[in-house]
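Count residues from 1 along the sequence. We count ligands from 1, going down the list as the structure has it; atoms in each ligand are counted the same way.
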Amino acid sequence: MADHTNPSEIARETLKQLIVRKLTPTPVNYQACYNEIAQLPNVAGFPEAQLRQMATTFPVRSPRQKQAIEQLEAAIGKRSWQGVQRALVALATVDTVGIANGTAAPTESANDQPPEISVELRVRLARLIETLLPLLGDQDASLSNQACDVLNALKDPFADQPGLLLLLSSFSQRASLAVEEQSEIKHTLLKLLHLIIENIGELSLDEQCVNGQIETLMRAVAPPITLRRLDDVERRLKDVIAIQRAARRRSLEAQAEIRQMLAAFINHLAAMNQSSTAFQTGLEESARQLAEVRAIEDLAPLLKQVIDATHAMAADTGHARAQIEHLQTRVLATNAELVRLNDDLRHASASARHDPLTDALNRRGLDEALAREIASVRRKNVPLSLSLLDVDNFKKLNDRLGHATGDEALIHLVKVVQQHMRPIDTLARYGGEEFVILMPDTALAHGIEAIKRLQRELTKSFFLTNNEKILITFSAGVAELTSEESGGDAIARADQAMYLAKRSGKNRVLGG
Ligand SMILES: Nc1nc2c(ncn2[C@@H]2O[C@H](COP(=O)(O)OP(=O)(O)OP(=O)(O)O)[C@@H](O)[C@H]2O)c(=O)[nH]1
């Protein structure tokens, strides 16, 4: 039996027991065995090495994070579990707390106190969480419960601070997972939207009418998605659905009409067949009777029978011909009706909110967008500038290169403008070679600067046709909407400024 008071005896016995029990000779196992043999309380050792190793794995992205890691290392050095806990809380909340109240992360030297969360910061955090919560979805009940706990703690002036920090840290982790999930949901919804749009195209009865719209829809739902673009997608979808509905109704009506006509035609054919068979049988019978006639007076009734049958046959044929003529007239009328409906559909498609040539908004689209923007900027009390652009010397370009090339030049211009506009700006075709750009949250000087920048971009992006580089320029006027005027009035001022820009040499931008 080992002497439990002699440390070297205990150490030898400890090594023996490690071998007997087939334990790995780690410091922890050795310590546990040693304590058992020495009959000391089996207190787990402070895992200093492991904690130091862990401390090296934290990323250091800011001075505050560095401070928190130093605080952790100091606590490990002092073998203080409480200190380690505080340092970990500081590390987990360093971004929210440190940045929000501008205080440095707590250090061991700051009396081991966690950062003070001011009342104002608590109120702001509570408001932020209340605002964010609906965005995180309502499927995760435990996230909502956690949010309630955090909100209660934030609103409770006597809530214990380290506890609050722990709550905040675990809520922020969970919330970031919920945000990831929401973004995944958004991504999947977009994929579904793509699928639905593709399907509308596949099922389309009138490809010509709908396919153009489908292509633009597909482009509109390509990332990055903004609220503005989703709004645009919604409008376009509504147009496509309206056109689809009309096309389907028209096609069903036409099908019913044609089915009816076919049935009537088959009935007539059957009737004609029947009467001609009866006529033929009658004739054969008359021929047989004729062969048996012996006296001339017997011929008269036979002749009458043949003449009556012939008259009946002729009447039947005449009647059938009249009915077929009537059917033919109806077929032609239905056909004309279909052509008219088709034209109506094309017109409906063209008169939607987008210009079919350039895909910019058309006048109707502009009116709606302008009303929306004006309401929005007045609500937010921010400026709205709008610009009227007119392509320079476009007639010459048309005359020299042809109208089709002129069309291509307009498409090119729109592409360049759309590439360089901010996503919140709106482009509309105002007339032939005139365009309007709406620039929300933009004062006049910035609006003029933005349009000048567009001009420079356009001079860098040549329009290529038949290997010839064509430089397209425009003159523009810019006006900032005043609090009293309507959108139309502001466009008129921009138009006036554009006119002056033309008069003063073209390829210029003037404020109105
Ligand atoms: N290719 C093409 N031409 C168009 C379209 N719409 C309007 N135009 C032409 O644009 C030309 C505009 O001519 P003008 O109003 O004289 O203007 P401009 O030649 O650009 O002269 P300035 O405005 O003074 O620089 C006309 O010839 C129109 O026929 C269109 O959709 N496609």
### Query
Which residue supplies the protein heavy atom nearest to atom 32 (N) of ligand 1, what is that atom called, and how far is it?
Asp407 OD1, 2.6 Å
### Query
So is Arg429 close enough to ligand 1, meaning a heavy atom under 4.0 angstrom away?
yes
### Query
Which protein heavy atom lies closest to atom 7 (C) of ligand 1, and at what distance to 0.1 Å?
Gly432 CA, 3.6 Å
### Query
CD/Gln455 to NZ/Lys460 distance, rounded to the nearest 0.5 angstrom?
12.5 Å
### Proximal atoms of ligand 1 relative to Asp392 (non-hydrogen, under 4.0 Å)
20 (O), 25 (O)
### Task
For Asn393, counting its heavy atoms only, list the atoms of ligand 1 lying under 4.0 Å from any of them.
18 (P), 19 (O), 20 (O), 21 (O), 22 (P), 25 (O)
### Task
Go through the side-chain N and O atoms of Thr465 and Glu408 and say whether any donor and acceptor fall under 3.5 Å apart.
no
### Residue Lys506 vicinity, atoms of ligand 1 by number, heavy atom under 4.0 Å
22 (P), 24 (O), 25 (O)
### Query
Does the side chain of Arg493 come within less than 4.5 Å of Glu485's, by heavy atoms?
yes
#### Entry: Thr442 and Arg422: side chain donor to acceptor below 3.5 Å
yes
### Message
Given Lys506, which partner from the list Asn393, Thr473, Asp392 fulfils the side chain to side chain donor-acceptor pair (under 3.5 Å) test?
### Response
Asn393
### Message
Checking a contact table here: which protein heavy atom is nearest atom 27 (O) of ligand 1, and how many Å away?
### Response
Lys395 CG, 3.5 Å
## Note on the structure
Under 4.0 Å between heavy atoms, the region of Val391 that gets near ligand 1 turns out to be backbone
### Query
For atom 28 (C) of ligand 1, which candidate among Asn398, Thr473, Asp355 provides the closest heavy atom?
Asn398
### Message
Within this structure, what is the CG-OH distance for the pair Asp390 and Tyr430, rounded to the nearest 0.5 Å?
### Response
12.0 Å
### Task
Pick whichever of Phe394, Tyr499, Phe474 has a heavy atom sitting closest to atom 10 (O) of ligand 1.
Phe394
### Sub-4.0 Å atoms of ligand 1 with respect to non-hydrogen atoms of Asp390
23 (O)
### Query
N/O to N/O below 3.5 Å, does that happen between Leu410 and ligand 1?
no
### Query
Hey, is CG on Asn145 packed in by over 12 heavy atoms from elsewhere, all under 6.0 Å?
yes
### Query
Side chains of Thr358 and Asp355: do they bring a donor and an acceptor to under 3.5 Å?
yes
### Task
Just need the protein heavy atom nearest to atom 23 (O) of ligand 1, so name the residue and atom and give the distance.
Lys502 NZ, 2.9 Å
### Message
Are the side chains of Ser387 and Met439 in contact, using a 4.5 Å heavy-atom criterion?
### Response
yes
### Summary
Looking only at protein heavy atoms, what sits closest to atom 14 (P) of ligand 1 is Glu433 OE2, 4.1 Å
### Message
Using a plain distance cutoff, I'd like to know if Lys396 has any nitrogen or oxygen under 3.5 Å from a nitrogen or oxygen of ligand 1.
### Response
no
### Query
At what distance, to the nearest 0.5 angstrom, does NZ of Lys502 lie from OG of Ser475?
4.0 Å
### Message
So if I count the atoms of ligand 1 from 1 in the order they appear, which ones are less than 4.0 Å from some heavy atom of Gly406?
### Response
1 (N)
